[in-house]
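This report concerns only the one structure given below.
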Amino acid sequence: MSIESLMIIILIVAPIVAALRIALSKNPNTGFWTAMCTSAIMFGPALKLLDSFNFSHGASAQFGYSIPWVESLGLNFSIGMDSISLLLILLSVLLGPIVVGASKSAIVKDKRMYYAWLMVLQGAMVGVFAAQDLLLFYICFEFTLLPMFVLIRKFGSTNRVAASIKFFLYTFTGSMLTLAAMVYVVWFVAQPDQFGSWTLDIPTLTKYAWHMSLGEQSWVLLGLLAGFAVKVPLFPFHTWLPLAHTEAPTAGSVVLAAVLLKLGTYGIYRFAIPLAPTAFFEYAPHIAVLSIIGIIYAGLICWVQTDIKKLVAYSSVSHLGFAVLGLAALNVTGFSGSILYMLSHGLSTGGLFLMIGFMYERYHTRDMNVVGGLAAKMPIWATFMVFFAMASVGLPGLNGFPSEVLCLISAFQSDAAWTLAGEPGAWGSSLGPWFAVFAGTGMVIAAMYLLYMVGKICFGPLKEPEDHHPHETLPTDLNAREIATLVPLALGCIYFGLQPTVLLDTVNDQVNATVRIVEQANGLESNQPRIEHMTDHATDQAKPADHSAPTNHEGASHD
């Protein structure tokens, strides 16, 4: 076992051990410092993985380690990570101390239960992204449901019971259909004319699964999307999310928005596209239409909301529609934009939910008709609120802008006309300019409802609930602890808004590998040079024209 493999295991196991330590404690108020210290310590292994990772081979799973479970069935405890897995693990680790710190004053009872389940959720999230065995992935994927169910049901708002039940039923039912699709893929790959033996190794399944017929792939795709589309959530499977977001405690809403929703887009990218590439190519326009409906429909619902937390919850449905649209474009630009959006949305929307939570602790209401004009009384809070709202809008210079633009460009370029013109990386599914035009209206709608929200909640005359009185322990404005939880997210929004190429270069190798899978499955290998030499093409276009006769490598003129 390498030191890096050990670091991955620590990231999975350490939170589970901390959860047991908290749960077994006899002090009912314990948990905060154990959870905080564990979350902070996890930065060490995460930074070690980041330092050791070879991004020039980001498409390959690195730091792999495998322990046999049932060798006859190909079951192994197999871990590793490629560039995308690494980035999502880093996001999960970053959010750990942030959500723990944000919970210190918000959770006043059953602290031991709260922090124990929060730690279990942390370990399960890392396990999802580090899994290289299909069974391990599914176990961790499903295990994220239980901690979130408890957090919503036990520590949520007034309608928490209904929200927790709806959350569990939607996601668990979809996951059962996803399991059925995965079982069929494993059975198909085990056939004598394919791999020939039972295996749940994800790279091996990806290598052989695309040999399925279009009919088989279509059913597999339907089963996979049943679980992943609900998780995103993709219209019309989104109805569980606003209620769950609204009723969850602040930390639950942050983790749900920043990481758990990304299990859906990550699952589509990691499994639905590579395991059923021909079917995804066939039905990509239909998936894109659903994502555009979600972008516009959820945005219009946001426009009429008075509950600020429900508004931000519906905005997640709209925003993640862009990420699915980028995946449906099936080209380099779309995949890169979608992955960038997964990370960007976690920073900006996670920040918005923290801001709402801090306001709710002080005023015990989220109704914009009851509270507003808080910039006069809470200037620091209002500054962060405006900042994260601008990042969510897609203001140039902040992280939301490059990801949204890339997803729109990918849909625009995913058209036969661009392919025939020889544009590098323009190949994709049968979308086109009209998909980008309709999706682009979502950016306008987002600006309308988010700026309207900021105008009411931050500016204008000060409005406070009639029965409002100062909080017993919290100051009027944000304290040092609350500011410390916001600063890392704000810095991330600025850095990746100004330097998105840092992330794009990181995932480039993995994105090109996924495009090759789709090309090979659909007989489009001829487009491969355009994908691999996008930079060379741009450089050639910038060179002065050479009117001399073209020559071969030996200098002789071509006939």
Side-chain angles (χ1 to χ4, degrees), residues 1-18 37-68 76-98 119 121-134 136-137 140-141 201-204 206-207 258-259 262-263 266 269-270 274 335-336 339-340 342-344 346-347 399 488-489 491-492 495-496 499-514 516 532:
M1 179 191 299
S2 66
I3 185 65
E4 290 81 10
S5 300
L6 179 61
M7 294 299 102
I8 298 176
I9 294 177
I10 290 175
L11 290 178
I12 298 173
V13 175
I16 308 297
V17 174
C37 292
T38 303
S39 299
I41 290 172
M42 289 176 67
F43 276 99
L47 293 176
K48 172 61 179 177
L49 292 173
L50 178 63
D51 180 66
S52 302
F53 194 85
N54 184 359
F55 288 101
S56 62
H57 296 86
S60 304
Q62 301 179 31
F63 317 140
Y65 180 70
S66 182
I67 301 175
N76 300 282
F77 175 85
S78 182
I79 56 173
M81 58 178 61
D82 57 24
S83 58
I84 298 174
S85 302
L86 173 63
L87 292 175
L88 290 170
I89 288 174
L90 292 176
L91 177 62
S92 303
V93 172
L94 171 65
L95 289 171
I98 290 176
M119 287 293 95
L121 182 59
Q122 179 79 16
M125 291 189 300
V126 175
V128 168
F129 300 125
Q132 292 298 308
D133 181 86
L134 198 60
L136 179 61
F137 167 84
C140 294
F141 182 81
D201 179 63
I202 294 174
T204 303
T206 302
K207 181 179 179 180
V259 181
K262 309 312 182 301
L263 299 185
Y266 176 80
Y269 177 81
R270 176 69 72 209
F335 287 162
S336 301
I339 295 165
L340 184 59
M342 295 183 206
L343 301 166
S344 297
L347 298 175
N399 60 320
L489 300 179
L491 292 177
Y495 181 73
F496 294 121
Q499 294 291 334
T501 53
V502 173
L503 293 178
L504 295 177
D505 292 343
T506 298
V507 303
N508 180 67
D509 195 49
Q510 167 60 234
V511 164
N512 279 278
T514 305
R516 292 188 195 102
E532 292 183 337

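Values in this document were obtained by computation on a predicted structure and should not be read as measured data.
Nearest heavy-atom pair across S39 and M119 is OG-CE, 3.4 Å. Pairing each heavy atom of A258 with each of L91, the nearest pair is O-CD2, 3.5 Å. The minimum heavy-atom distance between L11 and P45, with the atom names listed, is CD2-CB, 3.9 Å. The minimum heavy-atom distance linking I202 with L134 is given by the pair CG1-N, 3.8 Å. Taking all atoms of both residues into account, the shortest heavy-atom contact from I16 to G123 is CD1-CA, 4.4 Å. Listed here is the closest heavy atom pair of L504 and S336: CD2-CB, 3.7 Å.
Checked by atom type, the side-chain pair E4/S52 shows a donor-acceptor distance below 3.5 Å.
You'll find the side chain of P488 reaches within 4.5 Å of the side chain of L94, heavy atoms only. Between I79 and L136 there is a side-chain heavy-atom pair separated by less than 4.5 Å. With contacts defined as side-chain heavy-atom distances shorter than 4.5 Å, the pair L263/F129 qualifies. Looking at heavy atoms from C-beta onward, I3 lies in side-chain contact with M7 at the 4.5 angstrom threshold. The side-chain heavy atoms of L88 and V259, taken from C-beta on, include no pair separated by under 4.5 Å. Side-chain contact check for N399 versus L340: every heavy-atom pair is 4.5 Å or farther apart. At least one side-chain heavy atom of F63 sits under 4.5 Å from a side-chain heavy atom of L49.
Using a 4.0 Å cut-off between a side-chain N of Lys or Arg and a carboxylate O of Asp or Glu, R270 and D82 qualify as a salt bridge.
Using the six-membered ring where Trp is involved, F335 and Y269 have ring planes that are perpendicular, over 60° apart on the 30 and 60° scheme.
Put simply, CD1 on I12 and CZ on F77 are 5.0 Å apart, with the number rounded to the nearest 0.5 Å. If you take OG on S83 and CG on N54, they are separated by 11.0 Å, rounding to the nearest 0.5 Å. From I89, atom CD1 reaches atom CE of M42 across 9.0 Å, with rounding to the nearest 0.5 Å. If you take CZ on F141 and OH on Y266, they are separated by 11.5 Å, rounding to the nearest 0.5 Å. Remark: T506 OG1 to I84 CD1 distance equals 10.5 Å, nearest 0.5 Å. From L87, atom CG reaches atom CD of Q510 across 10.5 Å, with rounding to the nearest 0.5 Å.
Using modelled atom types, no side-chain atom of S85 and backbone atom of A130 make a donor-acceptor pair closer than 3.5 Å. Not a single donor-acceptor pair under 3.5 Å links the side chain of D133 to the backbone N or O of S78. Side chain of N512 to backbone of N508: a donor-acceptor contact under 3.5 angstrom is found. A donor-acceptor pair under 3.5 Å links the side-chain atoms of Q122 to the main chain of S92, judged by distance alone.
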(Q) Working note: I9 + Y65, criterion side-chain contact (heavy atoms from CB on, under 4.5 Å); need CA distance, chi angles, decisive distance, verdict. (A) CA-CA 9 Å; I9 294 177; Y65 180 70; 4.1 Å; yes
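The distance between the ring centers of F55 and F53 falls below 6.0 angstrom.
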